[in-house]
Amino acid sequence: MTTPAFGRFFLPGPTDVHPDVLAAMQRPMIGHRSSAMEQLLGGLQPSLARLFQTSRLVLVGTTSATGFMELAVRNGVRHRALCLVNGSFSERFANLVRACGKDCVRLDVPLGCVLEADVLRDALRRTPVDAVTLVHSETSTGALQDLEALAAVVHEFDDVLLLVDAVTSLAASPVETDRWRLDFVLTGSQKALALPPGLALGVASERMLARAKTLSGRGLYFDLVSLSEAMAKHQPTNTPAIPLFYALETQLARIDREGGVTARWRRHDAMRRRVEEWCERRGVAYLPPEGRRSWSVSCVKVPEGKSAKQVVGALKEAGWTIGAGYGPLKETTIRIGHMGDHSVAALDELLTLLGGILA
Ligand SMILES: *Cc1c(COP(=O)(O)O)cnc(C)c1O
């Protein structure tokens, strides 16, 4: 098998991992109860806090992102949650609420759309719940919620926690954990952070932690209380994926060298705008409306007479990878995952090729 060059793998997760990050994983193991581990975990915190725009502890766990979605539900939903559903991952959040034995009230909006703040306010007035779940950047449709506005609405209601999946927004577009008062915000390693899969990261508010302490059924692996206590001492709860911690350490240093998370937001914004301009020039239709588009994944409609499978296959032959549509949009849309360490220049090359294939 020949290894393709870095920078051509635009799948909306897992995304391309830089060779320096991959190389970091080859370091020898350390004991997970050693002082070397405490130094490693403690050393990550300042960069992680900047990434999440928080002064709170950032939790790191060995699990895919769905594990921290489950953690959010087990530790954050008392009896009943309002679940905003606008695609496959937000639907997963709703299904998780039910799977954990809690009541789920779904608030569905059409695929490609987001929920507007006044609609959320009306729903919360009608429906007494103790938590709200939502996906900030819905990777299956490329739609980006106005998280700041939605968070403000949730805070108009007493004792309602806001649980946020920011898997393809965090490190790609603004997520202001403290300023927006998010109760739980989570991401995974293999999307906008451009690490290999296997880690989940999250931040819990004070009131989320206080609520968790009152809930039974938190389980063990996803118990926010014990995880927070261990992480405060820079210790893992179990044997973690140590090589992924090395990769995270290297990637956080690379992010700081780029100019921090804000420089990263700007690069992702530039990539998003590139796709928008290309769509306009080519007469290709974007799925989500203007102003509600993810900065890390662009979902566009395949023109009449072509299928997503054909388009993805033709690019594959040229050595480039993008995603087909997801779920019900599988055949009719394609998704470009311009997240992580991708550059505007490589994206331009991809769009030129794609233009030829769609013509
Ligand atoms: C990929 C993704 C997930 C699930 O991540 P896993 O690491 O596969 O569990 C959840 N939410 C969103 C928005 C995603 O893009």
Side-chain angles (χ1 to χ4, degrees), residues 9-17 52 59-74 76 81 83-97 99-100 109 111-115 132-147 150 162-173 175 182 184-203 221-222 240-241 244 247-248 251 268 272 287-288 292-299 321-327 329-330 333-340 342:
F9 191 74
F10 283 80
L11 208 63
T15 193
D16 232 346
V17 179
F52 277 80
L59 308 168
V60 186
T62 297
T63 166
S64 88
T66 307
F68 267 22
M69 292 170 83
E70 180 162 339
L71 182 150
V73 171
R74 288 192 178 279
C83 302
L84 316 190
V85 177
N86 64 338
S88 302
F89 292 105
S90 41
E91 181 163 50
R92 179 180 298 183
F93 226 165
N95 292 341
L96 259 166
V97 170
C100 292
V109 292
L111 296 180
C113 298
V114 296
L115 194 87
V132 171
T133 69
L134 67 84
V135 172
H136 187 194
S137 162
E138 176 48 84
T139 318
S140 65
T141 67
L144 185 72
Q145 300 274 14
D146 184 351
L147 182 54
L150 297 178
L162 176 58
L163 313 175
V164 180
D165 168 335
V167 174
T168 49
S169 59
L170 196 121
S173 61
V175 177
L182 310 176
F184 194 72
V185 54
L186 71 102
T187 189
S189 51
Q190 79 277 23
K191 305 281 174 84
L193 282 173
L195 289 162
L199 293 183
L201 302 94
V203 174
Y221 200 69
F222 297 129
L244 290 174
L248 176 60
Q251 183 66 329
H268 283 81
R272 171 189 64 83
L287 183 69
R292 295 287 183 261
R293 295 170 180 166
S294 170
W295 295 17
S296 66
V297 53
S298 291
C299 182
T321 303
I322 63 165
Y326 198 100
L329 300 165
K330 194 170 169 57
T333 63
I334 49 174
R335 293 173 307 143
I336 305 169
H338 39 77
M339 63 181 81
H342 282 300

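Indexing begins at 1, ligand by ligand and atom by atom, following the structure's order. As the structure is a computational prediction, the values presented were derived from the model and not from experiment. We number each residue from 1, following the sequence as shown.
Under 4.0 Å from ligand 1, the heavy atoms of Ser137 that appear belong solely to its backbone. Contacts between Glu138 and ligand 1 below 4.0 angstrom, taking non-hydrogen atoms only, are absent altogether. Looking at Val167 against ligand 1, only its side chain comes within 4.0 Å, counting heavy atoms.
When only non-hydrogen protein atoms are considered, atom 6 (P) of ligand 1 lies nearest to Ser64 OG, 3.4 Å. The closest protein non-hydrogen atom to atom 7 (O) of ligand 1 is Gln190 NE2, 2.8 Å. The shortest contact between atom 13 (C) of ligand 1 and any protein heavy atom is with Thr139 OG1, 3.2 Å. Among protein heavy atoms, the minimum distance from atom 11 (N) of ligand 1 is reached at Asp165 OD2, 2.6 Å. Arg92 NH1, 3.5 Å is the protein heavy atom nearest to atom 4 (C) of ligand 1. For atom 14 (C) of ligand 1, the nearest non-hydrogen atom of the protein is Lys191 NZ, 3.0 Å.
Shown in contact with Val135 at under 4.0 Å from a heavy atom are these atoms of ligand 1, numbered in order with element: 13 (C). For ligand 1, the atoms sitting less than 4.0 Å from at least one non-hydrogen atom of Thr168 are 15 (O), numbered in the order shown with element in parentheses.
Under the 4.5 Å side-chain criterion, counting only non-hydrogen atoms from C-beta, Thr139 is in contact with Arg335. By the 4.5 Å heavy-atom criterion applied to side chains, Ser294 and Glu138 are not counted as neighbours. Looking at heavy atoms from C-beta onward, Asn86 lies out of side-chain contact with Leu115 at the 4.5 angstrom threshold. Val164 has its side chain out of reach of Phe93: every pair of non-hydrogen atoms, C-beta onward, lies at least 4.5 Å apart.
For atom 5 (O) of ligand 1, the nearest non-hydrogen atom from the set Ser90, Gly87, Ala65 belongs to Ala65.
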Side chain to side chain contact (heavy atoms under 4.5 Å, CB included) evaluation trace for Leu150 with Val114: CA-CA 11 Å; Leu150 297 178; Val114 296; over 6 Å; no
Full working for side chain to side chain contact (heavy atoms under 4.5 Å, CB included) between Leu84 and Val132: CA-CA 8 Å; Leu84 316 190; Val132 171; 4.3 Å; yes
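No side-chain donor from either of His268 and Ser173 sits under 3.5 Å from a side-chain acceptor of the other. Between the side chains of Thr168 and Ser137, at least one donor-acceptor pair of N or O atoms lies under 3.5 Å.
For a threshold of 3.5 Å applied to N or O pairs, the pair formed by Thr66 and ligand 1 contains at least one separation below that value.
Ring geometry for Phe10 versus His342: interplanar angle under 30°, hence parallel rather than tilted (30 to 60°).
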